[in-house]
Amino acid sequence: MAAASSEYEVIWLVRRLFRAMARAADAYLGAHGLTAADRAVLEFLYPEQALSVPEIASRYQVSRQHVQVTVNTLLEDGFLEARHNPRHKRSPLIAMTRVGRDLFAKIREVEASHVDALFTDIPAGDIEATRRTLEAMYFQNLKQGEIDETHHP
C-alpha cells in the first residue's frame with residue numbers, strides 16, 4: 001500500500017483531534033448535566049440570540065426533531081425559555097435564560113483554558129496558517145455542496 005498523502009494525513013488528524021476534543025468536552029459538560037448537543041444549541045443562542053427551532057436546526061445542520069428534543073430538555077432544565085415569535089404563531093423563539101447564560105459563560109471559561117493549553121507550544125504564525133487552511137477547506141466543501149450551511153458564524 002502506498003504511503004498516505006499529506007492531504008489525507010491532515011484529514012486523518014482532524015478526525016482524531018475532533019474525537020479527542022469531543023471526549024474532553026463530554027467530561028466537563030457532563031459535570032453540568034449537559035451533552036455536546038446541548039452545548040451546540042446554547043452556543044447558537046449565546047448571549048442574547050433568539051431563534052426558532054427550525055432556525056437552530058438549519059445552523060446546526062441537523063434535523064428539526066433532533067433540535068426540538070434538545071431544546072425541550074434545556075427548557076425543562078431552565079436554561080432556555082420560549083418567547084412569542086411575531087413571524088410564526090406555532091414556532092416560538094427560543095432564548096437563553098439568565099441561568100443558561102451564566103452556565104454557558106462558565107463553560108466558555110473552562111474551554112478557554114483548554115484551548116490555551118492546547119496551543120501553548122504552537123507559534124502564532126502556525127496557528128494562523130492552520131486557521132486559514134481549515135477555513136479554505138471548509139469553504140471548498142461549501143462550494144462543492146458537501147456542506148449545506150446558510151449561516152457562517
Next on the checklist: Same cluster or not: Tyr8 versus Val14, using hydrophobic residues (I, L, V, M, F, W, Y) connected whenever any side-chain heavy atoms lie under 4.5 Å apart?
Outcome noted: no
Checklist entry - Given side chains that start at C-beta, do those of Leu29 and Ile107 come closer than 4.5 Å, heavy atoms only? => result yes
Checklist entry - Which heavy atom in Val67 sits nearest to a heavy atom in Ala57, and how many Å separate them? => result CG2-CA, 3.6 Å
Next on the checklist: In the structure I gave you, are the side-chain heavy atoms of Glu135 and Gln140 within less than 4.5 Å of one another anywhere?
Outcome noted: no
Checklist entry - Less than 4.5 Å apart, any side-chain heavy atom of Gln144 and any of Asn141? => result yes
Checklist entry - Tell me the side chain to side chain donor-acceptor pair (under 3.5 Å) pairs involving residues 112-124, sequence neighbours left out? => result none
Checklist entry - Rest of the hydrophobic cluster containing Leu118 (Ile/Leu/Val/Met/Phe/Trp/Tyr, side-chain heavy atoms under 4.5 Å)? => result Leu17, Met21, Val115, Phe119, Ile122, Ile127
Item to check | Minimum heavy-atom distance between Phe79 and Leu42, given as atom pair plus value | outcome: CB-CD2, 4.4 Å
Item to check | Spacing of CD belonging to Gln49 relative to CZ belonging to Arg59, to within rounding of 0.5 Å | outcome: 5.5 Å
Checklist entry - Met96 versus Phe104: any side-chain heavy-atom pair under 4.5 Å? => result yes
Next on the checklist: Do Leu103 and Leu34 make a side-chain contact, defined as non-hydrogen atoms from C-beta onward lying under 4.5 Å apart?
Outcome noted: yes
Item to check | Ile56 vs Thr70 side-chain heavy atoms within contact, under 4.5 Å | outcome: no
Checklist entry - For the atom pair OG (Ser6) and CD1 (Ile11), what is the distance rounded to the nearest 0.5 Å? => result 12.0 Å
Next on the checklist: Do Leu45 and Val41 make a side-chain contact, defined as non-hydrogen atoms from C-beta onward lying under 4.5 Å apart?
Outcome noted: yes
Item to check | pair Asp102-Arg98: side-chain heavy atoms closer than 4.5 Å | outcome: yes
Next on the checklist: Ignoring hydrogens, what is the shortest heavy-atom contact between Tyr60 and Ala37? Give both atom names and the distance.
Outcome noted: OH-CA, 3.2 Å
Checklist entry - Taking all atoms of both residues into account, what is the closest heavy-atom pair of Leu93 and Pro86, and its distance? => result CD1-CD, 4.4 Å
Checklist entry - Within the distance-only criterion (no hydrogens, no angle test), does the side chain of Asp38 pair as donor or acceptor with the backbone N or O of Thr35 below 3.5 angstrom? => result yes
Item to check | SB check Glu48 Arg101 (cutoff 4.0 Å) | outcome: yes
Next on the checklist: Can you pull out every side chain to side chain donor-acceptor pair (under 3.5 Å) where at least one residue sits in residues 74-86? Sequence neighbours excluded, please.
Outcome noted: Glu81-Arg83
Item to check | Neighbour count >12 (heavy atoms, 6.0 Å) for atom CZ, Arg19 | outcome: no
Checklist entry - Under 3.5 Å, is there a donor-acceptor pair linking the side chains of Glu55 and Ser58? => result no
Checklist entry - Nearest heavy-atom pair of Glu128 and Arg131: which atoms, and what distance? => result OE2-NH2, 2.6 Å
Item to check | Taking every non-hydrogen atom, the tightest pair across His88 and Ser91 | outcome: ND1-N, 3.0 Å
Item to check | Arg64 side, atom CZ; Ser52 side, atom OG - distance, nearest 0.5 Å | outcome: 10.0 Å
Item to check | Cluster link Val69 to Leu75, ILVMFWY, side chain under 4.5 Å | outcome: no
